[in-house]
Structure formats: structure tokens, C-alpha cells
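One-based numbering along the sequence shown.
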Amino acid sequence: MSVTLLWLGFTLLGALHTQARSSTPRLLRAPPLSKIPLQPNFQADQFQGKWYVVGVAGNAIKKEEQDQFKMYTSNYELKEDGSYNVTSTLLRDEGCDYWIRTFVPSSRPGQFTLGNIKSYPGIRSYTVRVVNTDYNQFAIVFFKKVQKKQGYFKTILYGGTKELTPEVKENFINFAKSLRLTDDHIVFTVPIGNGQCGLSRPTAVPHCLPGRGGRKRGSALCSVTEAPPWEPLWVQEDPAPTQGSEGHPGIWAPRVPP
């Protein structure tokens, strides 16, 4: 009798373990970088400046959960060593949230890695690749990271303005679907009013941010604390950098009125 009960216990435990594994969402496998196009003859100085995030597609994005996601901006500030200080500005709860990190160039122009990656527990790799851009109206950028043995990837459609042509959006959709993403993985952001979180004026971050074409614009200073490196849509997936790590790329500016 005791053997039968023990066997029944092991059977139930195995069934619960199988159910738990099956309930964990399975993400699409990230494509190898060799399958991702790279902008020919990438010009780092022309790419810098403020971009509007018009569209996002990724293997961890669910359209029904992000369908009303507000538009945000990402500013690429080129440094003397060829890396970018990247500041993403997001309107959340009537305040402005900021993500600041560093993208370090690789041996291939247009491809970058996350600076000081050891400051981010659990992140094993993080790659950014500029797929296509005209440096003025649009850019398609691919992001890939491995965190705790799980692979995530996404692609972002940047715009030099809030509105892009249907043709550019269609090209973005086609590229996303070439990565085996579906319509359920693709989200276009909702534009917000001028003057909100720097969408029509410089963002209040601790750097002077260049405008499109490298023109400098003024900025105000603010204090900073720790923050995750991933884009705002995926911030819940990334841990904060290790406390006490000086000079790391992922810093957070506290929200301020838009």
C-alpha cells in the first residue's frame, strides 16, 4: 500500500512539473546575426540625434498588451570613441522616464554591443544592428539579447518625424515577418502631443543631445540613479545594473513633469 501511494505521489509530481513547463510561454528562437541585414557603409555621425519610436516588433511582445503604447524617443549621442550614449524618453503616469546606456561599436560598422555588460546580472550578450536607414526619415534597428539562457529579439522602426509613409511601415512589417514574427508581435506606437517628454523640444537629461544631422541642442541637468539597459517596452525583462558600478551605461533619470 505504501509503495502504491509513493508511486502515485511521484506520478502527480511529474504531471505538475510537466504542466508547469507547458504553461511557460515559448518564445520564437532568435535568428542568427548572419541572417540580419547590415546597413552598407554605415555613417555613425549621420545616424546620431533624436529618433521617434514609431513601431516595435519582437518575440516577447504581445499586441493585445501593448496596443495603446505611447510613442517615445531615443537620442543617439556620438562620443569621440565611436560609441553612442543612448537616451530613451518615455511618458508614463504623467511623468517622463529616462533610460540611458552606451552602445559600443564592434568590428563591423553599424553593429554594437552593450557597454559594461557585466554590470547587468543575468545578461550574457546584447547586440544592436542597424538594418537599414536613410539617416533622415527612417531607420530599422535590430536588437538581440540573451538573458538567463533565454533569447530575446526585437526590431524597432525609428522615424525622423512622428509620421512615416505607408510604404516605410510596410517595409518594416515585411522585415519583421521575415524573422517569423506575426501581426500579434508587431505594435505601432500612439503619437502623443507636442511638448510631452521632449517630443518637440530637447529632453531633460544630463547631456547635450544632438538633433538630426548632428546639430546641437540645449539640455537641462537632472540627477540619475540605476536603470535597466533594454528599451522601455521590455524594461520588465532586465535587471538593474550592479549597485556601486561606476561609469556603467544604464542610468536612470527620475521622472519629471512632461
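Although no hydrogens or angles enter the test, the distance criterion places no donor-acceptor pair under 3.5 Å between the side chain of Lys154 and the main chain of Ala60. For Asn59 (side chain) and Phe153 (main-chain N/O), a donor-acceptor pair under 3.5 Å exists by modelled atom type. Looking at Lys162, its side chain does come within 3.5 Å of a backbone N or O of Ile192 through a donor-acceptor pair. Between the side chain of Gln43 and the main chain of Asn41, a donor-acceptor pair closer than 3.5 Å is present. One N or O on the side chain of Gln39 and one on the backbone of Thr133 form a donor-acceptor pair closer than 3.5 Å. Looking at Gln48, its side chain does come within 3.5 Å of a backbone N or O of Leu78 through a donor-acceptor pair.
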Original post:
Which is it for Lys169 and Val54 under the side-chain contact (heavy atoms from CB on, under 4.5 Å) test, yes or no, and what are the steps along the way?
Top reply: CA-CA 9 Å; Lys169 289 185 176 181; Val54 177; 4.1 Å; yes
**OP:** Check the pair Gln137, Val168 against side-chain contact (heavy atoms from CB on, under 4.5 Å), reporting the backbone distance first and the verdict last.
**Re:** CA-CA 9 Å; Gln137 292 299 319; Val168 170; over 6 Å; no
Subject >> Verdict with supporting geometry, Phe47 and Val141, side-chain contact (heavy atoms from CB on, under 4.5 Å) >> reply: CA-CA 11 Å; Phe47 188 80; Val141 181; 4.1 Å; yes
Subject >> side-chain contact (heavy atoms from CB on, under 4.5 Å) evaluation trace for Arg101 with Leu114 >> reply: CA-CA 8 Å; Arg101 59 265 193 227; Leu114 178 66; 4.1 Å; yes
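The aromatic rings of Phe112 and Phe103 sit tilted relative to each other, their planes meeting at an angle between 30° and 60°.
The minimum heavy-atom distance linking Phe188 with Gly55 is given by the pair CD2-CA, 3.9 Å. Heavy-atom minimum distance, Gln111 versus Thr127: CG-CG2, 3.9 Å. Across Pro31 and Ile36, no two heavy atoms sit closer than the pair CG-CD1, 3.9 Å. Taking both residues in full, the closest heavy atoms of Arg124 and Lys148 are given as CD-N, 4.4 Å, listed atom of the first, atom of the second, then distance. Shortest non-hydrogen contact noted between Val53 and Ser74 is CG2-OG, 4.1 Å.
A search for side chain to side chain contact (heavy atoms under 4.5 Å, CB included) contacts involving Val104 returns Thr102, Thr113, not counting sequence neighbours. Legend: residues meeting side chain to side chain contact (heavy atoms under 4.5 Å, CB included) with Pro32, ordered by chain and number and at least two apart, are Ser34, Lys35.
Both Phe143 and Phe69 sit in one connected hydrophobic cluster of ILVMFWY residues. Membership requires side-chain heavy atoms under 4.5 Å apart, directly or through other members. Under the 4.5 Å side-chain heavy-atom criterion for Ile, Leu, Val, Met, Phe, Trp and Tyr, Phe172 and Val131 are members of the same hydrophobic cluster. When hydrophobic clusters are built by joining Ile, Leu, Val, Met, Phe, Trp and Tyr residues whose side-chain heavy atoms come closer than 4.5 Å, directly or via intermediates, Ile117 is not grouped with Val146.
Rounded to the nearest 0.5 angstrom, Lys145 NZ and Tyr152 OH are separated by 6.5 Å. Between the CZ atom in Arg129 and the CD1 atom in Ile140 there is a gap of 14.0 Å [rounded to 0.5 Å]. Taking CG of Leu157 as the start and CG of Asn132 as the end, the distance is 10.5 Å to the nearest 0.5 Å. The OG atom of Ser125 lies 7.0 Å from the NZ atom of Lys144; values are rounded to the nearest 0.5 Å. Between the OH atom of Tyr98 and the CG atom of Asn75 there is a distance of 10.5 Å, given to the nearest 0.5 Å. Interatomic distance, CZ of Phe142 versus OG1 of Thr155, reported as 7.5 Å (0.5 Å rounding).
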Side-chain donor-acceptor contacts of residues 175-182 below 3.5 Å, not counting sequence neighbours, with atom names and distances?
residue : atom : partner : partner atom : Å
Lys177  : NZ   : Asp183  : OD1          : 3.0
Ser178  : OG   : Phe175  : O            : 2.5
Thr182  : OG1  : Asp184  : N            : 3.3
Thr182  : OG1  : His185  : ND1          : 3.1

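A side-chain contact (heavy atoms from CB on, under 4.5 Å) with Tyr158 is found for one member of Tyr76, Tyr52, Phe138 and no other, namely Tyr76.
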